[in-house]
Amino acid sequence: MKNLSKLLLVSILGGALTLGSYKIFFEEEVPPTLPPVSNTGAEVISANYAKNLYGTNADFTKAAENTVNGVVHVKNVAIYRGPRTMRDLIYGNHSGGKALQGAGSGVIISPDGYIVTNNHVIKEANEVEVTLNNNKTYKAEIIGTDETSDIALLKIDAENLDYIPFGDSNNVKLGEWVLAVGNPFNLKSTVTAGIISATARDLNTFDNTPQSFIQTDAAINPGNSGGALVNINGELVGINTAITSQTGSYVGYAFAVPSNNTRKIVEDIMEYGDVQKGILGIRGGSVTQTAIEELDLKTSQGVLVAEVTSGSGAEKAGLKEGDVIKKIDNIQINKFSDLTGYIYTKRPDDEVEVTFLRDGDEKQVRVKLSKFETYVIEPIKIEVTNATKEDLQALNIDHGVKIHKTLSPRLPASELVGTIITAIDNKKVSNVGDVERIFRRKNPSEEIIISIVDKNGQKQHMVWR
């Protein structure tokens, strides 16, 4: 696994110079709505069926014609305010100017100008410019972003636009033909073809951010980020996001955020201003050979429940440690990323039917999803979530929030993730709301004092200035 990790280079396809995140939330009394999911997505045309339908050489012209006008070129423009030359520095001329900070693609998802792209394409943008396939250029508003999934929602002031309808990404099949539509290397309106190589692909199982990408062998290169992955019916099944490469260019492996996940994120941003994350309330992982032998499991596939969170929907429904989840609703669960990929399309308080094995017997329960609450402490680039009762008992403490993720490569994730913050600026914190209230009232220029209990139970104080 270590050797594989060293060889695996996830090349984010655009906006390579971006360094932070930029977020604007959009709220209306009546939230806008997206066109419905296309009905034809339920009847997926597989590779073999496409060949029978179109002959030996499958014809993609219709899908290409129907989608190329729904993909746009996205430019991330930074406004530079500092001195540009030595003369400017000496004489104090800070007139500055504009510089292209990153570029990629975007997908029009509604006729009134809503556009999906990748968060990394527009990260740290002062301005975002969108150019349609007919060469018309618009200033775009950033409606909202989700850094975890790398999805951003833009809006331009335009009407009656060609758009790409959402397909059902749960229906994509291995070997199904797909097209990647985007602007690689600033070459506008480029279409490449390939097949679905894998689904529910997690590129890094150790980054504490479970992923569930669609993998394709359609050629994708820098500039394709945020572009469309469409099926042979011209329906959106994914947003092209990353490649695996040792060179930074395409070598046969490309990855897209599934359209069902994308649509859910976009609808959340439109309605709530941020992403509503529902969770089962378990911790676990894919079934391994070691687990099969030690626990005498009767299956080699599924998600083994290692812990059930106190007070969660999973606990209330009766799930227990040692259960093996095999299916959620009608989705087969063979590995952990299958589970997270599907759950990420749901919201808190949604109910799902969980099929699982216990002592070799198959059982079913309905689970009401809990809300996953997080807060990003921007000045120090860490994300915290509520600590469970088990988290606190393990360290013999009675309050605190848990560091869920580090957002800067300069922070030692292996040391910080999982530790408990008990106080901020000597103020006790028991939940995410306490942390948010402290920073809402805090002067940004003040130092930050964090009191933590590490994974060994040692108390420490950390100061940021």
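Between Ile108 and Ile156 the shortest side-chain heavy-atom distance does not fall below 4.5 Å. Taking 4.5 Å as the limit, some side-chain heavy atom of Asp329 sits within range of a side-chain heavy atom of Lys346. Lys326 is not listed as a side-chain neighbour of Glu362, based on a closest heavy-atom distance of 4.5 Å or more. The shortest distance between side-chain heavy atoms of Leu179 and Leu229 does not fall below 4.5 Å. For the pair Asp361 and Leu357, the minimum side-chain heavy-atom distance is 4.5 Å or more. Counting heavy atoms from C-beta outward, Asn160 and Pro111 have side chains that stay 4.5 Å or more apart. Pro379 has its side chain within reach of Ile448: a pair of non-hydrogen atoms, C-beta onward, lies under 4.5 Å apart. The side-chain heavy atoms of Val352 and Leu280, taken from C-beta on, include a pair separated by under 4.5 Å.
Distance alone, capped at 3.5 Å, places no donor-acceptor pair between the Asp146 side chain and the Val275 backbone. The backbone N or O of Leu236 lies less than 3.5 Å from a partner atom in the side chain of Ser259, making a donor-acceptor pair. Panel note: side chain Thr145, backbone Glu147; no donor-acceptor pair is recorded below 3.5 Å. For Thr216 (side chain) and Ile196 (main-chain N/O), no donor-acceptor pair under 3.5 Å exists by modelled atom type. Between the Asp425 side chain and the Lys427 main chain, no donor and acceptor come within less than 3.5 Å of each other. Remark: the backbone N or O of Ala228 is paired with a side-chain donor or acceptor of Asn240 at under 3.5 angstrom. A donor-acceptor distance shorter than 3.5 angstrom exists from the side chain of Ser337 to the backbone of Ala200, with no hydrogens or angles considered. Although no hydrogens or angles enter the test, the distance criterion places no donor-acceptor pair under 3.5 Å between the side chain of Ser430 and the main chain of Gly400.
Note that CG of Asn76 is 7.0 Å distant from CD1 of Ile122, once rounded to the nearest 0.5 Å. Rounded to the nearest 0.5 Å, atoms CG (Leu369) and CG (Asp349) are 8.5 Å apart. We find the CG-CZ distance between Leu304 and Phe336 to be 11.0 Å, quoted to the nearest 0.5 Å. If you take CH2 on Trp177 and CD1 on Ile195, they are separated by 7.0 Å, rounding to the nearest 0.5 Å. With rounding to the nearest 0.5 Å, the separation of OG1 in Thr309 from CG in Asn386 is 11.0 Å. One finds the OG1 atom of Thr288 at 8.5 Å from the CD atom of Glu293 (value rounded to the nearest 0.5 Å).
Of all the heavy atoms in Ser451 and His461, the pair that sits closest is OG-ND1, 3.0 Å. Nearest heavy atoms, Ile438 versus Val429: CD1-CG1, 3.6 Å. Closest non-hydrogen pair, Val354 versus Ile325, comes out as CG1-CG2, 3.9 Å. Across Asp217 and Ser197, no two heavy atoms sit closer than the pair N-OG, 3.4 Å. Across all non-hydrogen atoms, the minimal contact from Pro35 to Tyr163 is CG-CE1, 3.6 Å. Residues Asn224 and Pro184 share a closest heavy-atom pair of OD1-CB, 3.3 Å.
With 3.5 Å as the limit, one finds a donor-acceptor pair spanning the side chains of Thr148 and Lys405. In the model, Lys428 has no side-chain atom that pairs as donor or acceptor with a side-chain atom of Thr422 under 3.5 Å.
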### Task
Start with the C-alpha distance between Val365 and Phe356, add both sets of side-chain angles, then the distance that settles side chain to side chain contact (heavy atoms under 4.5 Å, CB included), and finish with yes or no.
CA-CA 8 Å; Val365 293; Phe356 63 97; 3.9 Å; yes
### Query
Between Lys368 and Glu351, does a salt bridge (charged side-chain N to carboxylate O under 4.0 Å, His left out) hold up when you go through it step by step?
CA-CA 4 Å; Lys368 186 175 184 179; Glu351 289 191 357; 5.8 Å; no
### Task
Check the pair Gln460 / Asp454 against side-chain hydrogen bond (donor to acceptor under 3.5 Å, both in side chains), numbers first and verdict last.
CA-CA 8 Å; Gln460 301 179 34; Asp454 66 22; 2.9 Å; yes
### Message
Go through it in stages, so that I can follow the logic: the residues are Ile269 and Glu267, the test is side chain to side chain contact (heavy atoms under 4.5 Å, CB included), and I'd like the CA-CA distance, side-chain angles, deciding distance and then a yes or no.
### Response
CA-CA 5 Å; Ile269 290 172; Glu267 290 177 339; over 6 Å; no
### Task
Please step through salt bridge (charged side-chain N to carboxylate O under 4.0 Å, His left out) for the pair Arg347 and Asp268, ending with a clear verdict.
CA-CA 9 Å; Arg347 296 183 176 88; Asp268 282 356; 2.5 Å; yes
### Query
Can Ser105 and Asn183 be said to form a side-chain hydrogen bond (donor to acceptor under 3.5 Å, both in side chains), step by step?
CA-CA 6 Å; Ser105 304; Asn183 304 281; 3.1 Å; yes
### Task
Begin with the C-alpha distance, continue with both residues' side-chain angles, and end with the deciding distance and a verdict on side-chain hydrogen bond (donor to acceptor under 3.5 Å, both in side chains) for Gln276 and Asp274.
CA-CA 7 Å; Gln276 306 293 295; Asp274 60 6; 2.8 Å; yes
### Query
For Thr419 and Lys402, what are the C-alpha separation, side-chain angles and deciding distance, and is it a side-chain hydrogen bond (donor to acceptor under 3.5 Å, both in side chains)?
CA-CA 6 Å; Thr419 61; Lys402 184 166 62 174; over 6 Å; no
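Among residues two or more places apart in sequence or in another chain, the side chain to side chain contact (heavy atoms under 4.5 Å, CB included) test is passed with Leu395 by Ile397, Ile420, Val453.
Heavy-atom contacts from other residues, nucleotides or ligands closer than 6.0 Å to NZ of Lys442 number more than 12. Heavy atoms from other residues, nucleotides or ligands lying under 6.0 Å from NZ of Lys371 number 12 at most. By the neighbour-count criterion of 12 heavy atoms within 6.0 Å, atom NZ of Lys327 is sparsely surrounded, having that number or fewer from other residues, nucleotides or ligands.
Between Phe213 and Phe255, the two ring planes are tilted [angle within 30° to 60°].
Listed by first then second residue, pairs satisfying ring-ring contact (aromatic ring centres under 6.0 Å, His included) with a partner in residues 290-311 number zero, not counting sequence neighbours. For residues 301-318, the salt bridge (Lys or Arg N to Asp or Glu O under 4.0 Å) pairs, not counting sequence neighbours, are Arg283-Glu307.
Considering Ile164, Val72, Val74 as possible partners of Val107, the one that fulfils the side-chain contact (heavy atoms from CB on, under 4.5 Å) test is Ile164. Partner of Thr241 under the side-chain hydrogen bond (donor to acceptor under 3.5 Å, both in side chains) criterion, out of Asn118, Thr262, Asn119: Asn118 alone.
You'll find the ring centres of His404 and Tyr375 outside the 6.0 Å limit.
Using a 4.0 Å cut-off between a side-chain N of Lys or Arg and a carboxylate O of Asp or Glu, Lys335 and Asp338 qualify as a salt bridge. Checked for salt-bridge contact, Asp323 and Lys320 miss the test: no charged N lies under 4.0 Å from a carboxylate O.
With a 6.0 Å cutoff to the six-membered ring centre and a 45° limit on the axis angle, Lys155 counts as a cation-pi contact of Tyr114.
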